[in-house]
2 protein chains.
Amino acid sequence: MKTVAELTERFRAQGLRVTPQRQAIFGLLEGNDGHPTVEALYEAARSEMPAISLKTVYHTVNDLAAMGEVELLDLGTGSYRVDPNVEHAHHHLICIVCGRVRDVTLDGRPPSVPARLRDGFSVAAVEINFRGVCDECAGSEESTR
Amino acid sequence: MKTVAELTERFRAQGLRVTPQRQAIFGLLEGNDGHPTVEALYEAARSEMPAISLKTVYHTVNDLAAMGEVELLDLGTGSYRVDPNVEHAHHHLICIVCGRVRDVTLDGRPPSVPARLRDGFSVAAVEINFRGVCDECAGSEESTR
DNA sequence: GATGTTATCAACAACGATTGTCAGTTGCCA
DNA sequence: TGGCAACTGACAATCGTTGTTGATAACATC
């Protein structure tokens, strides 16, 4: 994820304007290693800018995604999550209880499709999702049993 | 995927009723190696039972999923796809153009999360999605260029 | 600085996929 | 065969997301 200043530069270079709302969103994403939902980003943005609309947040993250500065993940948790980590190839640990997402980088090389099964299909990306229960949810499940 | 007769048996054993609508859906899924959307299943069911409702199809596939007889896949293509292949571990090739889904079984063992990154997270399932363009879509893109 | 063009903002409503409600019907077990 | 619980299907609600719109504000040029 680039800095707020770099993103401002890139937006201008693309002919997009840089508004206070957008800069607030840039700031929230910079160095954010969580994977906030758009809704969560919206809530965070509202705390420093109460008038911002959900639509603006969607618009901005879509622009960022179109420029390749973030990735929008649809991990089956019901809503998009914004992943600012696009520089390093990585995969995801997804908690099936709370929906939290964590990055993992794998040792070794990624799996590939056996040639005999490829059958004309050209693979552009390999996405690996580890689904399970995070430590926090495991703890609280334990205590409610 | 079990046969229609076996599914009928299992539904009864669970205290669920077996209606003509449900049997029609069982029949459509048996030996189906595509990954139909719920909507597609609905269309197919309607051709042999015009009065069936979309709600009934959703209800039935949800029951099947709860019993572990099918899996409902959310692969980011906008809607659920029904995967009747639950007996053999497999992964998916997903065409980013047409949304079609194909099964793949990998040689070698599945990747795992390095212990140093696991950090209390217990992995229950590994899901690998290969995204790319299928042969048919590659062909038609070629021709429209 | 001032100005005009044009993208952006935010309220509203639409959208598709999925699920809840509810009255009437029907399968299943005794 | 009877009775109950589960199912069906029409309708509408819900969720996350996106299109539309008049008003506003940022940018480049002067």
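Sequence lines set the chain letters: A, B, ... in the order given, protein chains first and strands last, and positions in each chain run from 1. All figures in this text were calculated on a predicted structure; none of them were measured in a lab.
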Sidechain N-carboxylate O distance under 4.0 Å for B/Arg17, B/Asp63: no

Quick check: does any side chain N or O of B/Glu30 sit under 3.5 Å from a backbone N or O of B/Val4, one acting as donor and the other as acceptor? yes

Closest of D/dT17, D/dT8, C/dT19 to the B/Tyr58 side chain is C/dT19

Nearest heavy atom decides the nucleotide; on that basis, is B/Gln21 or A/Glu39 closer to the 5' end of DNA chain D? B/Gln21

Quick check: do B/Thr60 and B/Leu41 have side-chain heavy atoms less than 4.5 Å from each other? no

For the student: nearest non-hydrogen atoms of A/Ala138 and A/Val133, plus distance: N-CG1, 3.6 Å

Here the residues of residues 69-86 of chain B within 4.0 Å heavy-atom distance, strictly under, of DNA chain D are none

Rounded to whole angstroms, how far apart are CE on B/Met49 and C1' on D/dT8? 11 Å

Starting at CG of A/Asn62 and ending at P of D/dG16, how long is that distance when rounded to a whole Å? 16 Å

Euclidean distance, atom CD of residue B/Gln14 to atom P of D/dA5 [Å, nearest integer]: 19 Å

How long is the line joining CG of A/Leu54 and P of D/dT18, in whole Å? 10 Å

Looking at side-chain heavy atoms only, is the closest gap between B/Ile128 and A/Pro110 below 4.5 Å? no

Taking atom P of D/dA26 as reference, at what distance in whole Å does atom CD of A/Gln23 sit? 11 Å

To the nearest Å, give me how far apart CG (A/Asp63) and P (C/dA7) are. 12 Å

Could you tell me how far apart A/Ile52 (CD1) and D/dA25 (C1') are, to the nearest whole angstrom? 15 Å

Exactly one of B/Arg102, B/Glu136, B/Arg100 clears side-chain contact (heavy atoms from CB on, under 4.5 Å) with A/Phe121, and that residue is B/Arg102

Whole angstrom value for the distance that separates C1' of C/dG20 from NE2 of B/His59: 12 Å

Heavy-atom neighbours of B/Glu9 CD exceed 12 at 6.0 Å: no

Taking B/Val123's backbone N and O only, do any of them form a donor-acceptor pair with B/Arg118's side chain (distance below 3.5 Å, no angle check)? no

Using the closest heavy atom to pick a nucleotide of DNA chain C for each, name whichever of A/Ala51 or B/Lys55 lands nearer the 5' end. A/Ala51

Tabulated below should be each protein N or O lying under 3.5 Å from an N or O of nucleotides 26-29 of chain C; please produce it.
from	atom 1	to	atom 2	distance (Å)
C/dG27	O3'	B/Val18	O	3.3
C/dG27	N2	B/Arg17	NH1	3.1
C/dG27	N2	B/Arg17	NH2	2.2
C/dG27	N3	B/Arg17	NH1	3.3
C/dC28	OP1	B/Arg12	NE	2.7
C/dC28	OP1	B/Arg12	NH2	2.7
C/dC28	OP1	B/Val18	N	3.2
C/dC28	OP1	B/Val18	O	3.3
C/dC28	OP2	B/Arg12	NH2	3.3

B/Val104 versus B/Phe130: any side-chain heavy-atom pair under 4.5 Å? yes

